[in-house]
Amino acid sequence: MPLTASDLLLILILGLGSARFLLPAIAAMFDLRALVAGDHRVSVVMTMLALQTLLLLFVVYLVAVRWRGVTWQELGLVPLPRIWGGRAVAIAMLSFPLMGAVSWVQQQIVREEFRNPQLTAMAPSEFSWAAYLGTLAVAGLLAPLVEEIVFRGLLYRWIRERYGFVVGVIGSALAFSLLHGIAGLIPAIALLGAILAWTYERAQSIWAPVILHGTYNAVVTTVLYAALAQGIKPPGM
C-alpha cells in the first residue's frame, strides 16, 4: 500500500481534527444546541455523527485514493466469499458475551459505576420509531462501513504489511478503541477491534467486518430501544 506514516497522520488530523472544528461551527450556524437540548436531540446527534463519518471517508478518498493512488480494492472492497456472510453474523453474536465479560472484569478492577455517553446520546427520553430507525441507519450501516474501511482496510493493512499480523491486529484495535473516546469501554472495544481485524484477515474482504460490525451495532441499538419501549433504563445511562 503506497502510504507513509505521515499520510496516516494527515488522514487522522484532517478527518478527525477538521470534524472537531467544522461540526461545532455548523451547530452554531444553525443553532443546533437548542435542538440538542430538546425533543430533536437524537436526530441532531445522529446527523452530526453521519456528517463526521462522511467527512472522514472523504478525507480517506482525497489522501489515500486520489493523492496516493490507493485503489478501493486495496482497501478491501472486493466481493465477499458467500460463506462469510453468515460467519460474520455468527461472530458478532458470539462477541457479546466476550465484550460483556471484559467490561465486567474492568468494572471489578476500577470499582466505578459504568457510564456510556454514547448510549445517552443515542437514546431519547422515550421510544420513538423515527429515532430508532435513524440511529440504526447511522450506527448499523454508515458508521460500520466507513470505520471498517479506515481501521481495517487502511490502518490494519498498512501495519500488517510492515510489521506482521499480530502487530497489525493490536495496533489497529488499540487505535479503534482509543479514538472512540470512551474510557470505560477501551478494553472491550479493543477486543472487538481485534475480532474485526481477524475477520478481515480470514475473509480477505472488508465486507465481512462491515457485516460483523453492523450486526453488533444493530443489536445494541435494538436492545436499547426495546428497553426504552418497556420503560426500562439500560445500564450505563
What closest approach, in Å, do [X] and [Y] show between heavy atoms, and which atom pair accounts for it?
X: Ala88; Y: Ala208; result: CB-O, 3.4 Å
X: Ala190; Y: Ala173; result: O-CB, 3.3 Å
X: Thr221; Y: Ala139; result: OG1-CB, 4.1 Å
X: Ala64; Y: Leu3; result: CA-CD2, 4.1 Å
X: Gly15; Y: Leu56; result: CA-CD1, 3.9 Å
X: Ser172; Y: Arg152; result: O-NH1, 4.4 Å

Spacing of [atom1] belonging to [X] relative to [atom2] belonging to [Y], to within rounding of 0.5 Å:
X: Thr53; Y: Leu142; atom1: OG1; atom2: CG; value: 5.0 Å
X: Glu161; Y: Glu74; atom1: CD; atom2: CD; value: 7.5 Å
X: Thr222; Y: Asn217; atom1: OG1; atom2: CG; value: 10.5 Å

Is there side-chain contact between [X] and [Y], with heavy atoms separated by less than 4.5 Å?
X: Val70; Y: Trp158; result: no
X: Leu80; Y: Val210; result: no
X: Leu224; Y: Thr135; result: no
X: Arg162; Y: Val167; result: no
X: Leu228; Y: Tyr132; result: no
X: Leu62; Y: Leu14; result: no
X: Leu136; Y: Tyr225; result: no
X: Leu145; Y: Ile206; result: no

Is it the case that more than 12 heavy atoms not belonging to [X] sit under 6.0 Å from its [atom1] atom?
X: Arg202; atom1: CZ; value: no
X: Trp72; atom1: CH2; value: yes
X: Phe165; atom1: CZ; value: yes
X: Trp207; atom1: CH2; value: no
X: Leu94; atom1: CG; value: yes

Residues two or more places apart in sequence or in another chain: which of them pass side-chain contact (heavy atoms from CB on, under 4.5 Å) with [X]?
X: Gln230; value: Ile232
X: Ile170; value: Val166, Leu174
X: Ile186; value: Ser177, Leu178

Could you go through the side chain to side chain contact (heavy atoms under 4.5 Å, CB included) check for Leu196 and Tyr156 one step at a time?
-> CA-CA 10 Å; Leu196 289 164; Tyr156 165 74; over 6 Å; no
Cluster link Val78 to Ile211, ILVMFWY, side chain under 4.5 Å | no
Mind checking whether Leu192 and Leu141 sit in one hydrophobic cluster, side chains of I, L, V, M, F, W, Y counted as touching below 4.5 Å?
-> no
What do the steps show when you test Leu55 against Leu51 for side chain to side chain contact (heavy atoms under 4.5 Å, CB included), and what is the final call?
-> CA-CA 6 Å; Leu55 178 59; Leu51 289 174; over 6 Å; no
Which word best sums up how the rings of Phe96 and Tyr216 line up, parallel for under 30°, tilted for 30 to 60°, or perpendicular for over 60°?
-> parallel
Would you check if there is a donor-acceptor pair between the side chains of Glu148 and Tyr200 at a distance under 3.5 Å?
-> no
Stepwise, does the side chain to side chain contact (heavy atoms under 4.5 Å, CB included) test hold for Trp84 with Ile91?
-> CA-CA 10 Å; Trp84 271 100; Ile91 295 171; 3.8 Å; yes
Do His213 and Phe176 make the cut of ring centroids closer than 6.0 angstrom?
-> yes
Quick one: do Leu154 and Met1 satisfy side chain to side chain contact (heavy atoms under 4.5 Å, CB included)? Show the steps, please.
-> CA-CA 9 Å; Leu154 182 64; Met1 184 176 290; 3.8 Å; yes
